[in-house]
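The structure appears right after this line, and notes come after that.
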Amino acid sequence: MTVRTRFAPSPTGYMHIGGMRTALFNWLWARRNGGQFILRIDDTDQQRNMDEALGPILDAFRWLGLDWDEGPEVGGDYGPYFQSQRRDLHDAALDQLLASGAAYRDFEPANQTRVQREAAEKEKRVYLSSRVSLDLSEADVTAKLAAGEAHVVRFLIPRGRTVSVKDHVRGHVEWDCGLMVDPVIARGDGSPLYNFATVVDDGQLQITHVIRAEEHLSNTPIQVLIHEALGNDLPEFAHIPFVAAPGGKKKLSKRDIDKYRKSPAFQKLFQLGDDVLGALGIDPAEHSLSPVMVAYYREVGFLPAGVLNALARLGWSLDDETENMSLQTVLENFSLERVVKASAGLDPDKLMSYQSYWMGQLSADEKLLGCLDILVRADLIPENPDADTLALVTRVVELAADRIRVFGDILQMDEFFVSTETLKYSEKDFQKRVVKPEQAVDLLRELRQLLAATEDFTAEAMHKVVEGFVEQKEIKFGQIAPALRLAVTGKAKGADLFPTLELLGRDECLRRIDRAIGTAESMKVV
RNA sequence: GGCCCCAUCGUCUAGUUAGGCCUAGGACACUGGAUUUUCAUUCCAGUAACGGGGGUUCAAAUCCCCCUGGGGUCACCA
């Protein structure tokens, strides 16, 4: 039997990072077993703007390189792959259940059902469906139907038995049917509800393995029962742990994003995101971009390999030591048996560490391409850079070396792409390094003359000039270098100083030093 | 609250199925040191865990029971 797995997202306009992990495990299991991975879109009735709602989800799959064998855009033999277009299948299944007596029309008013439920809760009694509608004769039902009476269709839970499942990660799990409420499987108009539609669809799509997050565990007995009533082959289940928020045990949720912002564990990632997105002119709030969704990582300049590596290691491990794994390596070694049972918190630090590793594995050209792209998006270089710009970026990327963990980090080196006039100084550092130290401005002025007079403006030569200057003035290197760096780059830290000078070129350096001196003096006067 | 799930360093995990090789391993983070006249990298070192209590056994992180704690879920949402 061919393994068939599926991921069935609702078109919500974004791809949740936890959902992506579930999708990844499904993809892995299908690919590992030479089976098919299916994308089914669990849209409800008429969702508007399907492109807007589904696009980001498909984009996330494409970005990470997870392909699907059947689903939107590619079709397949079991279509349609949009739940809303499968209504005839749901209708047929519903008729079957109604005819066999496995389901019944419940005419009990909703508020009455609610009152009973609340009363039971208050009395600490197990609530069970009243099933009063079961006493109705066929003629009664027909009459009520003809009269258009409001009702729902419930699945008749066979009480007095248990449902058990051998879950691939949880092992044996069992439920007592005597404790279960008859679930509503369709509204009066026949429109199916999740638990029912999913079963019909999984059955018809011949899904062999339902791999989903553990929050669905409680839906399982109902779905198993419906599968049985429909005469379907039961799929195997694997309830993987959900992805928890950093520093906690609770499910990572888009709703808690404001809380995460204040979380220490999330701090650095948010900072990075704010910096990069800010430079790109994207307001995270406006685009509701956050670390909860896959798109965030793409925008900030993460690598698919980094995100994939982190996702794979969330609740799964290869052995006792292997951490850095390509998708291929994970694929070759993946097994559901090695999925951990406890929920796993997303660790931004660890994610960043995987990311840095994979960035380090990139060839110079690949790295250049990624940086070029984000520099263009930040408007720091033109869309189709000329040869000079290309050469400059190449050298900046070289100079930045492993300071680039995500492509967005190249934006930290913006001093190479702005003019002297638009260069921004870090105000605090400028005060500390240039304005405040007594001799800083004077030293800078003297050094400027030396730099201006130097014949070849290379890193090596500059180094010698400054060394000589330090010796001659009987000062420490630390008394001039920080001020020089500030004047030229606007920042307190950055790549190696002398190559930076060389790359900027003599004219630019001198202009910047002049500007810094002027600025510092005007500050001192005031 | 009912039902269900879970429980090893701060975090992700190895070890649990077949008890001994566990004086509990790795990674991230953190701390210290070396290199780098900033920062980052790299290297070395260090701190740090079997939730508690009972059993079973020559032997328990591993098996059993209880407790505690954490979490999921309880819709005419998906």
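Letters A, B, ... are given to chains in the order of the sequence lines, protein chains preceding strands, and every chain is numbered from 1. Keep in mind the model is a prediction, meaning the values are calculated, not measured. All values below come from the heavy atoms of this structure, side chains included, with hydrogens, waters and symmetry mates left out.
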Next item on the list: Using whole Å, report how far NZ of Lys249(A) lies from C1' of G72(B).
Entry: 14 Å
What protein N or O atoms touch nucleotides 2-4 of chain B N or O atoms at under 3.5 angstrom, if any, and at what distances?
none

Notebook entry, point to check: In whole Å, what separates the P atom of G70(B) from that of C9(B)?
Noted result: 16 Å
Checklist line | Distance-only side-chain donor-acceptor flag, Glu108(A) / Thr113(A), under 3.5 Å | finding: yes
Margin query: Whole angstroms only, please: what is the CG-P distance between Leu252(A) and G72(B)?
Written below: 12 Å
Next item on the list: Quick one: look up who A27(B) pairs with, Watson-Crick or G-U, both distances under 3.5 Å, and put none if it's unpaired.
Entry: U11(B)
Notebook entry, point to check: For Gly171(A) and Glu321(A), take the nucleotide of RNA chain B holding the closest heavy atom to each; which residue's nucleotide lies nearer the 5' end?
Noted result: Gly171(A)
Check: When the P atoms of G51(B) and A7(B) are considered, how many whole Å apart are they?
Finding: 10 Å
Could you pull out the protein-nucleic contacts involving nucleotides 75-78 of chain B (nitrogen or oxygen on both sides, under 3.5 Å)?
residue, atom, partner, partner atom, Å
C77(B), OP1, Arg187(A), NH2, 3.4
C77(B), OP2, Arg187(A), NE, 3.3
C77(B), OP2, Arg187(A), NH2, 2.2
A78(B), OP2, Tyr194(A), N, 2.9
A78(B), O3', Asp42(A), O, 3.2
A78(B), O2', Ser10(A), OG, 2.6

Next item on the list: Using the side chain to side chain contact (heavy atoms under 4.5 Å, CB included) rule, take Ile38(A) and Tyr81(A) through it: C-alpha gap first, then chi angles, then the decisive distance, then the call.
Entry: CA-CA 9 Å; Ile38(A) 295 135; Tyr81(A) 293 88; 3.9 Å; yes
Next item on the list: Using the C1' atom as the reference point in each nucleotide, state the distance between G72(B) and U31(B) in Å, no decimals.
Entry: 37 Å
Check: Just checking Val470(A): base, sugar-phosphate only, or nothing, at a heavy-atom cut-off of under 4.0 Å?
Finding: nothing
Margin query: Expressed as a whole number of angstroms, how long is the span from Trp316(A):CH2 to G15(B):C1'?
Written below: 17 Å
Next item on the list: Please measure how far the P atom in G32(B) lies from the corresponding atom in U41(B), and state the result in whole Å.
Entry: 15 Å
Notebook entry, point to check: Between Asp496(A) and Val181(A), which is nearer to the 5' end of RNA chain B once each is assigned its nearest nucleotide?
Noted result: Asp496(A)
Notebook entry, point to check: Using the ring of each side chain (for Trp, its six-membered ring), is Phe477(A) parallel, tilted or perpendicular to Phe498(A), with breaks at 30° and 60°?
Noted result: perpendicular
Check: For atom C1', what is the distance between C64(B) and U57(B), given to the nearest Å?
Finding: 12 Å
Check: Quick one: which of Ser130(A), Ser133(A), Ser129(A) gives a side-chain contact (heavy atoms from CB on, under 4.5 Å) with Asp106(A)?
Finding: Ser133(A)
Check: Got a sec: does the CD of Gln267(A) have more than 12 other heavy atoms crowding it under 6.0 Å?
Finding: yes
Next item on the list: Identify the nucleotide, in any strand shown, that forms a Watson-Crick or G-U wobble pair with C3(B), with both distances under 3.5 Å; if there is none, say none.
Entry: G72(B)
Notebook entry, point to check: Would Arg117(A) and Glu121(A) pass as an ion pair if we require N to O under 4.0 Å?
Noted result: no
Margin query: Once you measure the plane-to-plane angle for Trp316(A) and Phe334(A), does it fall in the parallel (<30°), tilted (30-60°) or perpendicular (>60°) bin?
Written below: tilted
Next item on the list: Enumerate the residues from residues 474-486 of chain A whose closest heavy atom to RNA chain B is under 4.0 Å, giving them by residue number; use none for an empty result.
Entry: Phe477(A), Arg485(A)
Margin query: Counting the atoms with a prime plus P, OP1 and OP2 as sugar-phosphate, which does Arg170(A) contact under 4.0 Å by heavy atoms, base, sugar-phosphate, or nothing?
Written below: sugar-phosphate
Checklist line | G1(B) versus U8(B) - spacing of their C1' atoms, nearest Å | finding: 31 Å
Margin query: Whether Glu323(A) and Lys350(A) form a salt bridge (side-chain N of Lys/Arg under 4.0 Å from carboxylate O of Asp/Glu) is what I want to check.
Written below: yes
Next item on the list: Whole angstrom is fine here: how far is it from NZ in Lys250(A) over to P in U73(B)?
Entry: 11 Å
Margin query: Would you say Thr220(A) and His239(A) are linked by a side-chain donor-acceptor pair, where the criterion is simply a distance under 3.5 Å?
Written below: yes
Note to self: What residues from residues 349-363 of chain A pass a heavy-atom cutoff of under 4.0 Å to RNA chain B?
What the structure shows: Asp349(A), Lys350(A), Ser353(A)
Note to self: Once you apply a heavy-atom cut-off of 4.0 Å, does Ala342(A) come out as touching a base, just sugar-phosphate, or nothing?
What the structure shows: sugar-phosphate
Item checked: Asp201(A) with Arg6(A): basic N within carboxylate O range, under 4.0 Å -> no
Check: From the list A14(B), A27(B), U41(B), which nucleotide is the closest neighbour of the side chain of Ser317(A)?
Finding: A14(B)
Next item on the list: Quick one: label Ala310(A) by what it contacts on the DNA or RNA (base, sugar-phosphate, nothing), any heavy atom closer than 4.0 Å.
Entry: nothing
Margin query: Work out how far the C1' atom of C5(B) is from that of G26(B), and round it to whole angstrom.
Written below: 28 Å
Item checked: Between C1' of G72(B) and CZ of Arg212(A), the distance in whole Å -> 13 Å
Margin query: Without decimals, in angstroms, what is the distance between Phe242(A) CZ and C12(B) P?
Written below: 11 Å
Note to self: Check this one for me: any side-chain N or O of Lys251(A) less than 4.0 Å away from OP1 or OP2 of U73(B)?
What the structure shows: yes
Note to self: Going by purine N1 to pyrimidine N3 plus the second Watson-Crick contact, or the G-U wobble pair, all under 3.5 Å, which nucleotide sits opposite A48(B)?
What the structure shows: none
Using distance only, find each side-chain donor-acceptor pair of residues 395-414 of chain A under 3.5 Å and give its atom names and separation, not counting sequence neighbours.
residue, atom, partner, partner atom, Å
Arg395(A), NH2, Glu502(A), OE2, 3.3
Arg403(A), NE, Ala400(A), O, 3.2
Arg403(A), NH1, Gly494(A), O, 3.4
Arg405(A), NH1, Asp409(A), OD1, 3.2
Arg405(A), NH1, Asp409(A), OD2, 3.0
Asp409(A), OD2, Arg405(A), N, 2.9
Asp409(A), OD2, Val406(A), N, 3.1
Asp414(A), OD1, Lys491(A), NZ, 2.8

Notebook entry, point to check: In whole angstroms, how far is the P atom of U73(B) from the CE atom of Met180(A)?
Noted result: 17 Å
Checklist line | For A60(B), the Watson-Crick or wobble counterpart (both distances under 3.5 Å) | finding: none
Next item on the list: Using the P atom as the reference point in each nucleotide, state the distance between C30(B) and U23(B) in Å, no decimals.
Entry: 31 Å
Notebook entry, point to check: Phosphate oxygens OP1/OP2 of G15(B): is one of them under 4.0 Å from a side-chain N or O of Arg338(A)?
Noted result: yes
Margin query: Donor-acceptor pair, distance only, cut-off 3.5 Å: does the side chain of Ser356(A) make one with the backbone of Met352(A)?
Written below: yes
Check: Any chance the side chains of Asp176(A) and Thr162(A) put a donor and an acceptor closer than 3.5 Å?
Finding: no
Next item on the list: Can you tell me which residue pairs pass the salt bridge (Lys or Arg N to Asp or Glu O under 4.0 Å) test with a partner in residues 466-489 of chain A, sequence neighbours excluded?
Entry: Glu446(A)-Lys473(A)
Checklist line | Sugar-phosphate only, base, or nothing, as touched by Leu314(A) at under 4.0 Å among non-hydrogen atoms | finding: sugar-phosphate
Next item on the list: Please report, rounded to the nearest Å, how far the P atom of A29(B) is from the NZ atom of Lys268(A).
Entry: 7 Å
Check: Contact class for Lys124(A) vs. all strands (heavy atom < 4.0 Å): base, sugar-phosphate, or nothing?
Finding: nothing
Check: Can Asp182(A) and Tyr104(A) be counted as having a side-chain donor-acceptor contact under 3.5 angstrom?
Finding: yes
Checklist line | Ion pair Arg170(A)/Glu214(A), N-O distance below 4.0 Å | finding: yes
Check: Just by distance, with hydrogens left out, do Ser326(A) and Thr329(A) show a side-chain donor and acceptor under 3.5 Å apart?
Finding: yes
